[in-house]
Amino acid sequence: ISTELHDDVGGELSAIRLLSEMNISTISPQQQLSKISTSSGELVQKMNEIVWALNVNNDTLQGLIAYMRRYAVKYLDDVGIDCVFTQPQQIPDKEVDGVTRRNIFLLLKEVLTNIVKHSRATNVEIAVNIGSLLQITIHDNGKGIPADMLQSGSGNGLRNMQQRVKELEGTMEIKNQEGTTVRFFLPAGSGNTKV
């Protein structure tokens, strides 16, 4: 979290400062204000995510899934992509520590960011299933990921996801079929134990 505060939040604050000091002869005041507004909005979102991850009152599987659902539906709605989010009616009473919650959330966030930036999708379906493993499936109806990129694992997004899945001691699969399907299988623990 301290690294994220330094890198992400510090970087956004620096960008806002530079934009506010920029010579208006190179950019119009409207463009300058728009960029400052966008950067400050992203900064607020990152701060909210960090505060959520640090709050021990959110250390439940139910809280994690509810947060993921709110984020996904709002994020995709804001860019005009339909989202269907399905989850079990009954969610087991399981504890999920802040670092684990943050990593699971960031997996979802990375997939959704890639969908918005690259896929040209109009619909996203997210399904959460809970058994011996927590399974999160994200499917979009976009153009798919280029085969060479999938095979090589190139791209920062794919590498970041692979690293997070490894830290969570889970697995990940990606398939191109009528869009892209990304599926995460993550240890779910049992009873009132940590995920």
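Excluded from the calculations below are hydrogen atoms, water molecules and symmetry mates; all remaining heavy atoms, backbone and side chain alike, are included.
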| query | Are the side chain of S37 and the backbone N or O of L33 linked by a donor-acceptor pair below 3.5 Å? | reply | no

Rounded to the nearest 0.5 Å, how far does [atom2] of [Y] lie from [atom1] of [X]?
X	Y	atom1	atom2	answer
N176	T181	CG	OG1	8.5 Å
Q87	I65	CD	CD1	6.0 Å
R164	F105	CZ	CZ	10.5 Å
K143	R120	NZ	CZ	4.0 Å
E110	R159	CD	CZ	11.0 Å

What pair of heavy atoms forms the shortest contact from [X] to [Y], and how long is it?
X	Y	value
D140	S119	OD1-CB, 4.0 Å
G98	D59	N-OD1, 3.6 Å
E169	P187	O-CG, 3.3 Å
G144	T180	CA-OG1, 3.1 Å

Residue pairs passing the side chain to side chain donor-acceptor pair (under 3.5 Å) test with at least one member in residues 71-85, sequence neighbours excluded, are K74-D78

In the single-linkage hydrophobic clustering (I, L, V, M, F, W, Y; side-chain heavy atoms under 4.5 Å), do [X] and [Y] co-cluster?
X	Y	answer
I174	I115	yes
V128	V73	no
V79	V84	no

The single option from L61, L106, T60, L64 that satisfies side chain to side chain contact (heavy atoms under 4.5 Å, CB included) with R101 is L64

The residue among I104, L107, N103 that forms side chain to side chain contact (heavy atoms under 4.5 Å, CB included) with V165 is L107

Review point. With a cut-off of 6.0 Å (strictly less than), are more than 12 heavy atoms of other residues, nucleotides or ligands near CD of Q62?
Key: no

### Message
Looking at E167, I want to see if its CD is surrounded by more than 12 non-hydrogen atoms of other residues, nucleotides or ligands under 6.0 Å.
### Response
yes

Should [X] and [Y] count as side-chain neighbours, where that means a heavy-atom distance under 4.5 Å?
X	Y	result
V116	L76	yes
E125	F85	no
I130	I91	yes
Q162	M172	yes
I81	T122	no

Test side-chain contact (heavy atoms from CB on, under 4.5 Å) on L168 and T100; report intermediate values, then the result.
CA-CA 7 Å; L168 291 165; T100 301; 3.6 Å; yes

ask   = So L108 and F184, side-chain contact (heavy atoms from CB on, under 4.5 Å) or not? Walk me through it.
value = CA-CA 9 Å; L108 172 76; F184 300 107; over 6 Å; no

Requested in this report: Could you please spell out the steps behind the side-chain contact (heavy atoms from CB on, under 4.5 Å) verdict for I136 and M68?
Outcome: CA-CA 11 Å; I136 303 167; M68 289 168 47; 3.7 Å; yes

* V124/L112 under side-chain contact (heavy atoms from CB on, under 4.5 Å): CA gap, chis, key distance, verdict -> CA-CA 9 Å; V124 173; L112 296 182; 4.3 Å; yes

The complete set of ring pair (Phe, Tyr, Trp, His ring centres under 6.0 Å) pairs with one or both residues in residues 111-139, sequence neighbours excluded, reads none

